[in-house]
Amino acid sequence: MQLNIHNTFTGKKERFIPRDPERITLYACGPTVYNYVHIGNGRPAVVFDVLFRLLGAMYPNVAYARNITDIDDKINAAAEDAEDRNAAIRKLSDYYSEAYSTDVAALGTLVPTFEPRATEHVQEIIELIAILIDRGHAYAAEGHVLFNVPSFAEYGSLSNRSLEDMLDGARVEVAPYKKDAKDFVLWKPSSNDIPGWDSPWGRGRPGWHIECSAMIHKHLGPSIDIHGGGSDLIFPHHENELAQGRCAYENESFANYWMHNGMLTLGNEKMSKSLGNIETIRDLLRDYQGETLRYALLTGKYRSPLSWSRELVDQARSGLDRLYQAMLDSNSKADLTTSLDYSKVKIQDVPQAVAKALADDLNTPQALAAMHEMASQINKSDKPEDTAKLRKDLLTSAWLLGLLTHSPVSWFQGDMGKVDEKAIQNLIDERDQARENKDWQRADDIRNELLELNIELEDSRGGTRWKRQ
RNA sequence: GGCUGGGUGGCAGAGAGGAUAUGCAGCGGACUGCAACUCCGUGUACACCGGUUCGAAUCCGGUCUCAGCCUCCA
């Protein structure tokens, strides 16, 4: 199976050739933690999780790092009024960092190999800055350390912009200590009430981009296979990371493939914290299962913008229900197998249609289409051996997408909120009795009564089943 | 203004020179006591205008238009 991925660096879809097939290295940018994350933040988590799963099925060893940026002026600002500001900042970033992991886990993402945090890598950051200064790519000035952009001739190659272009309408702050307007901060001084670390340049904290370069180097190496993140990070974040990495470690490519997911839009506008048009994962989880949200995120190709709406999620729910329904209807042996039981699946054991779709730059909509095809076949199949094969195909496919992680019964009956299963079963029994007596009135009354409680009945061959609506 | 990437049926969304994408919703039918589930059938879809071609939604040119980045953002 040949994996092809779209590389932002070249602007082309390219054949993926690992640096070392024995150890694939993948890094994805996580959030800055000062708030609950919104579903837009969930997209890269899910997209690169699918990639992690796919690579895991193709190669023996995949090292995947997804960072948390917990040093940032926005975090500091969020704790502005606290009495002990330092403590408040720490508490805040710990809390939201934990919330992020929880929310993103609800979307069915596997735990990455590494989840590095900036605060735990300040030493590495300082070392990296020192190297950059040594090599003449950075300089200290007034308690700051700045990366000197003109010192790196290839600056702009990732985001495909020239230094001249950037000057037009440039909105960068031109501080007096900058040698060049485009120079960006690697280190800046901290007052005592906000987090700071001792360094050769005084007590301070790292700038925004340097933490990623340092954490990549520490956990994955001077060069990695794939670096991912949202398309809004291409410039300046990734451009700067690239510059830092390349300048610090000569003859290293830093990242061979850059992948960027498109933005979620809400009402024809990018979902973003600053615009305020967001839906937090936490809020959505009140109304939907995490897996439904995940399915919704996967209905579009990761590179394209995806217009988010409750309608989209409702459609996702219906589509996912269909897959579970096929699993439910075809389950004659009370089989409790879910996709989780196929976590060790190899790519050659995944149905071709799905493997090919995913290997083609993560074409998840096409993979989902192939899965629906399997569901249709399951529904039509009357040979037990065919059904068993198709069920397995569907579940192995689902593993790569991170779907069908529940048993069909628990999916439909759910554990969201309390229901009295016993009472439901009693009513079903009573209705069955009524039906036997051809007391259709009573039978329908019971069905309607349950419907009031959002319980839907299905009279299948194997008896009456109930589902939450 | 510069750089990206788009405009596909009621909705979401693949595909990419000649096939039915797929799902949701709708309609008709089968199944059912009636439903639900499932199955079968069903839609003059490819922004606009030119061009290339035997043939274009798919290639080329132009027009209009939308989004993203150029500032913190996934």
Side-chain angles (χ1 to χ4, degrees), chain A residues 6 8 11 28-32 34-35 37-48 72-74 77 156 159-162 164-173 208 228-237 239 260-265 268-275 278 295-296 298-301 303-309 311-323 325-326 328-330 357 360 363-373 375-376 378-380 412 434-435 438-441 443-444 447-448 451 456-461 464-467 469:
Chain A
H6 180 93
T8 306
C29 281
T32 302
Y34 59 95
N35 226 326
V37 292
H38 56 73
I39 189 66
N41 300 101
R43 173 122 100 150
V46 167
V47 163
F48 294 109
D72 186 274
D73 288 354
K74 286 222 169 118
S159 56
N160 189 30
R161 56 193 73 195
S162 66
E164 300 83 74
D165 288 346
M166 278 181 271
L167 288 177
D168 305 339
R171 281 177 279 181
V172 290
E173 169 202 0
W208 177 30
S231 62
D232 53 353
L233 295 182
I234 297 171
F235 189 90
H237 185 54
E239 191 69 70
H260 291 98
N261 63 274
M263 299 293 102
L264 250 51
T265 58
N268 225 22
E269 239 179 344
K270 176 187 170 185
M271 187 185 288
S272 81
K273 292 181 194 173
S274 36
L275 288 170
I278 61 168
Y295 185 104
L298 295 175
T299 55
K301 288 185 74 180
R303 297 183 59 224
S304 305
L306 179 66
S307 42
W308 188 263
S309 66
E311 197 189 356
L312 174 76
V313 193
D314 288 335
Q315 289 185 8
R317 165 72 202 269
S318 301
L320 194 47
D321 276 353
R322 182 179 158 78
L323 299 181
Q325 184 75 43
L328 183 69
D329 287 339
S330 61
D360 181 17
N363 192 335
T364 53
Q366 204 157 65
L368 289 175
M371 287 171 65
H372 277 283
E373 206 68 54
S376 291
I378 287 173
N379 291 334
K380 281 183 256 182
F412 287 117
R435 290 171 71 214
K438 296 203 192 309
D439 182 357
W440 309 127
Q441 183 58 50
D444 289 352
R447 187 166 62 200
N448 289 331
L451 205 53
E456 211 173 355
L457 295 186
E458 262 175 38
D459 295 330
S460 73
R461 286 130 275 171
T464 301
R465 289 193 298 241
W466 64 272
K467 286 182 183 176
Q469 262 191 329

- Message: Does B:rA74 have OP1 or OP2 under 4.0 Å away from a side-chain N or O of A:K273?
- Response: yes
- Query: What is the distance from CG of A:D232 to P of B:rC3, rounded to the nearest Å?
  - Reply: 21 Å
- Give one of base, sugar-phosphate or nothing for A:G30, where a contact means two heavy atoms less than 4.0 Å apart. sugar-phosphate
- Show your reasoning for whether side chain to side chain contact (heavy atoms under 4.5 Å, CB included) applies to A:H237 and A:F235. CA-CA 5 Å; A:H237 185 54; A:F235 189 90; over 6 Å; no
- Mind checking the P distance from B:rG10 to B:rU4? Whole angstroms is fine. 33 Å
- Scan nucleotides 11-21 of chain B nucleotide by nucleotide, 5' to 3', and note B when protein non-hydrogen atoms come under 4.0 Å of the base, S if they reach only the sugar-phosphate, - if neither. BSSSS-----B
- Message: If you compare every side-chain N and O of A:K270 against the phosphate oxygens of B:rC69 (OP1, OP2), does one of them come in below 4.0 Å?
- Response: yes
- side-chain contact (heavy atoms from CB on, under 4.5 Å) with A:N160: which residues, sequence neighbours excluded? none
- Can you name the side-chain hydrogen bond (donor to acceptor under 3.5 Å, both in side chains) partners of A:S376, sequence neighbours left out? A:R322
- Message: The criterion is salt bridge (Lys or Arg N to Asp or Glu O under 4.0 Å); which residues satisfy it with A:D314, sequence neighbours excluded?
- Response: none
- Those residues at least two apart in sequence (or on a different chain) that pass salt bridge (Lys or Arg N to Asp or Glu O under 4.0 Å) with A:R465 are A:D329, A:E458
- Working for side chain to side chain contact (heavy atoms under 4.5 Å, CB included), residues A:W308 and A:V313: CA-CA 8 Å; A:W308 188 263; A:V313 193; 3.4 Å; yes
- Query: With sugar-phosphate meaning primed atoms plus P, OP1 and OP2, does A:N160 contact a base, only sugar-phosphate, or nothing at under 4.0 Å between heavy atoms?
  - Reply: sugar-phosphate
- Item | All salt bridge (Lys or Arg N to Asp or Glu O under 4.0 Å) counterparts of A:D321, not counting sequence neighbours | A:R317
- Have a look at A:G40 and say if it touches a base, only the backbone sugar-phosphate, or nothing, with a 4.0 Å heavy-atom cut-off. base
- Query: With sequence neighbours excluded, what pairs up with A:T299 under the side-chain hydrogen bond (donor to acceptor under 3.5 Å, both in side chains) test?
  - Reply: none
- Distance, C1' atom - from B:rC60 to B:rU53, rounded to whole angstrom: 12 Å
- All stems that RNA chain B takes part in, i.e. 3 or more consecutive Watson-Crick or G-U pairs with distances under 3.5 Å, are B:1-7 with B:64-70, B:10-12 with B:22-24, B:26-30 with B:38-42, B:47-51 with B:59-63
- From A:L275 CG over to A:E269 CD, what is the distance, rounded to the nearest 0.5 angstrom? 5.0 Å
- Message: What is the separation between atom CG on A:N261 and atom C1' on B:rG6, rounded to the nearest whole Å?
- Response: 16 Å
Write down the protein N/O and nucleotide N/O pairs, taken from nucleotides 37-42 of chain B, whose separation is under 3.5 Å; answer none if there are no such pairs.
unit_1, atom_1, unit_2, atom_2, d
B:rC37, O2', A:Q325, NE2, 2.6
B:rC37, O2', A:D329, OD2, 3.2
B:rU38, O3', A:N379, ND2, 3.2
B:rC39, OP1, A:N379, ND2, 3.2
B:rC40, OP1, A:K380, NZ, 2.9

- Nearest-angstrom distance, C1' atom, B:rA25 to B:rG15: 22 Å
- Residues which pass side-chain contact (heavy atoms from CB on, under 4.5 Å) with A:S231, listed by chain and number, not counting sequence neighbours: A:I234, A:H260, A:M263
- Task: Specify the separation, in whole Å, of atom CD of A:E239 and atom C1' of B:rU71.
- Result: 16 Å
- Query: For atom P, what is the distance between B:rG61 and B:rG6, given to the nearest Å?
  - Reply: 15 Å
- Say you pick atom P in B:rU22 and the same atom in B:rC39; how far apart are they, in whole Å? 13 Å
- A:A443 has its side chain closest, among B:rG33, B:rG68, B:rA74, to B:rG33
- Query: Taking atom P of B:rC34 as reference, at what distance in whole Å does atom CG of A:L457 sit?
  - Reply: 17 Å
- Answer with base, sugar-phosphate or nothing: what part of the nucleic acid does A:S318 contact at a heavy-atom distance below 4.0 Å? sugar-phosphate
- Query: Run the side chain to side chain contact (heavy atoms under 4.5 Å, CB included) check on A:H6 and A:K301 step by step: do they pass?
  - Reply: CA-CA 12 Å; A:H6 180 93; A:K301 288 185 74 180; over 6 Å; no
- Task: Measure from the side-chain heavy atoms of A:F235 and tell me the nearest of B:rC34, B:rC70, B:rG68.
- Result: B:rC70
- Item | Nearest to side-chain heavy atoms of A:R161, which nucleotide of B:rG68, B:rC70, B:rC34 | B:rC70
- Message: Without decimals, in angstroms, what is the distance between A:M271 CE and B:rC69 P?
- Response: 14 Å
- Whole-Å distance separating the CZ atom of A:R317 from the C1' atom of B:rA25: 16 Å
- Message: Without decimals, in angstroms, what is the distance between A:H38 NE2 and B:rA74 P?
- Response: 6 Å
- Taking atom P in both B:rG2 and B:rG62, compute the distance separating them and give it to the nearest angstrom. 14 Å
- Set of residues satisfying salt bridge (Lys or Arg N to Asp or Glu O under 4.0 Å) with respect to A:K273, sequence neighbours excluded: none
- Message: Between B:rC66 and B:rG29, how far apart are the two C1' atoms, rounded to whole Å?
- Response: 42 Å
- Is a side-chain donor or acceptor of A:N261 paired with a backbone partner of A:R303 at a separation under 3.5 angstrom? no
- Message: Quick check: any donor-acceptor pair below 3.5 Å linking the side-chain of A:R447 to the base of B:rA35?
- Response: yes
- Task: Taking side-chain hydrogen bond (donor to acceptor under 3.5 Å, both in side chains) as the test, write out the residues that go with A:N41, two or more places apart.
- Result: A:H38
- Item | Nucleotide B:rU4, atom P - distance to CD1 of A:I234 in whole Å | 11 Å
- Side-chain atoms of A:D444 come closest, of B:rG5, B:rG33, B:rG23, to B:rG33
- Item | Inter-nucleotide P distance (B:rA57, B:rA21), Å rounded | 14 Å
- Query: With nearest nucleotides of RNA chain B determined for A:T265 and A:S274 from heavy-atom distances, which residue corresponds to the more 5′ nucleotide?
  - Reply: A:T265
